[in-house]
Chemist: 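Would you mind keeping the following structure in view while I ask a few things?
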Amino acid sequence: MPRFLFFIFILSNLSFAQITVLDSVSKFPVSYATISFGDGQGIFADDEGMFVFNKKLYPDVDSLFVSAIGFKNIAVATNQLPQQLFMTASTDELDEVVVIGNIPNRKFKIETLKPYLDDDYYNCWLPTIESEIAVYFPKTTNKDQKLSSIIFPIALESKDWKKRKRSNSDKKKFSTLFKVQFYANDNGLPGKVLTYETTVFRATEKDGDSYELNVEDYNLYVPKDGFFVSIQVMGYTDKAGKLLPNKKYKEIKSKNGVVKIPTNFRPLLPFTNDIKDKNTFIKRVFINGNNWVKFDKGNGFESSLLKRELYNYGIGLKYKTFRD
């Protein structure tokens, strides 16, 4: 068989589709869109809006559901997948926005809420693709407060388990992409987004025990009833920061058949019991109706963290508090 025909034959048997998600008006890519399918399964598009769906791996999946902040959800049949999917902006979801101008020489002081750091493996949340973690922050003053940066605690794993608590031990390498969202307070739960900016950052072992994300240019002012900051793992990246295809589940053979175990990604996210209130909420992006639930006992979570009374992910903040 000629090489060209053989190549076509192989491609047809793989039955995969490379698809790009685009804005229907601007034709720009919709970066990091969520693609849900099947029973609690899903993947993410990359920064160029591209994802790959393999029909051979998911023969029983007949529809894909695509969602992204600021756009209307769409559904498409897998038996006729186009090379491009177009999403329409969801303008009806936009709330009234109060714009505070940048007043020259406005006096302020920098305030810092320190993050809660911990390198103990057993005190950490193991990030999986379907989980989004949000932390609530109340407004602490009547004065205007503008967010400057968010500090995300990170726990590093040592290559040698016996030396895992030593500061000079070699750390396991990783390059992981996270997505960040800011939500309004909706009766104690994360509500509508405060910005439609696509906010991602790449963490590596070289960042140390935390990653500080600068959000100064977003002009985010703390609402009077507080706000939520969320973090969600997208998957591993290459050396250039490009999101790689990642498996949501690991398949492990057991005596009862093949068992699907959620894939965990480094770095680990340390939880703490040093915060008085329970301010952390969890959402399973692809399952449980995509609803927010407080991370607490009796809310349907099976977690060793709750058994150890570790209820909060201790995100830190830096913000400007204006004096006038």
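The analysis underlying the following values was restricted to heavy atoms, covering all of them including side chains, and did not include hydrogens, waters or symmetry mates. Predicted model only: the values in this text are computed from it and were never measured.
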Chemist: Quick test of your reading of the model: are D186 and K192 salt-bridged, counting only N-O distances below 4.0 Å?
Modeler: no
Chemist: Hydrophobic clustering (ILVMFWY, side-chain heavy atoms < 4.5 Å, transitive) - are F86 and F65 grouped together?
Modeler: no
Chemist: P270 and Y313: which non-hydrogen atoms are nearest, and at how many Å?
Modeler: O-CD1, 3.2 Å
Chemist: Quick check: closest heavy atoms across F295 and S303, and the distance to 0.1 Å?
Modeler: CZ-OG, 3.7 Å
Chemist: Is the distance between the ring centroids of Y236 and F174 under 6.0 Å?
Modeler: no
Chemist: I'd like to know if R266 and E205 make a salt bridge, using a cut-off of under 4.0 Å between side-chain N and carboxylate O.
Modeler: no
Chemist: Do we see a donor-acceptor contact under 3.5 Å between the side chains of N219 and K146?
Modeler: yes
Chemist: Before giving the answer on side chain to side chain donor-acceptor pair (under 3.5 Å), spell out for N123 and D118 the whole-Å C-alpha distance, their side-chain angles and the decisive distance to 0.1 Å.
Modeler: CA-CA 7 Å; N123 292 344; D118 195 338; 2.8 Å; yes
Chemist: Within 45 degrees of the axis of the six-membered ring of Y32 and under 6.0 Å from its centre: does K179 put its NZ or CZ there?
Modeler: no
Chemist: Please tell me whether F228 and W292 form a close aromatic pair, meaning their ring centres lie under 6.0 Å apart.
Modeler: no
Chemist: Please name the residue in the list E212, E216, E111 that meets the salt bridge (charged side-chain N to carboxylate O under 4.0 Å, His left out) test with K318.
Modeler: E212
Chemist: Would you confirm whether N312, through its side chain, and T280, through its main-chain N or O, come within 3.5 Å as a donor-acceptor pair?
Modeler: yes
Chemist: Looking at D46 and L243, would you say the former's side chain and the latter's main chain have a donor-acceptor pair under 3.5 Å?
Modeler: no
Chemist: Hey, would you say the F271 and Y311 ring centroids sit under 6.0 Å apart?
Modeler: no
Chemist: Between L81 and L64, is a side chain to side chain contact (heavy atoms under 4.5 Å, CB included) present by the stated rule, with each step listed?
Modeler: CA-CA 9 Å; L81 284 174; L64 302 182; 3.9 Å; yes
Chemist: Please give me the minimum heavy-atom distance between P29 and E48, naming the atom from each residue.
Modeler: CB-O, 3.2 Å
Chemist: With the 4.5 Å side-chain cut-off for hydrophobic clustering, are L310 and I275 part of the same group?
Modeler: no
Chemist: Would you say the side-chain atoms of S31 pair up with the backbone N or O of D47, donor to acceptor, closer than 3.5 Å?
Modeler: yes
Chemist: Measure across P153 and L117 and return the closest heavy-atom pair with its distance rounded to 0.1 Å.
Modeler: CB-CD2, 3.9 Å
Chemist: Cluster question for you: counting only ILVMFWY and a side-chain heavy-atom cut-off of under 4.5 Å, with indirect links fine, are L213 and I315 together?
Modeler: yes
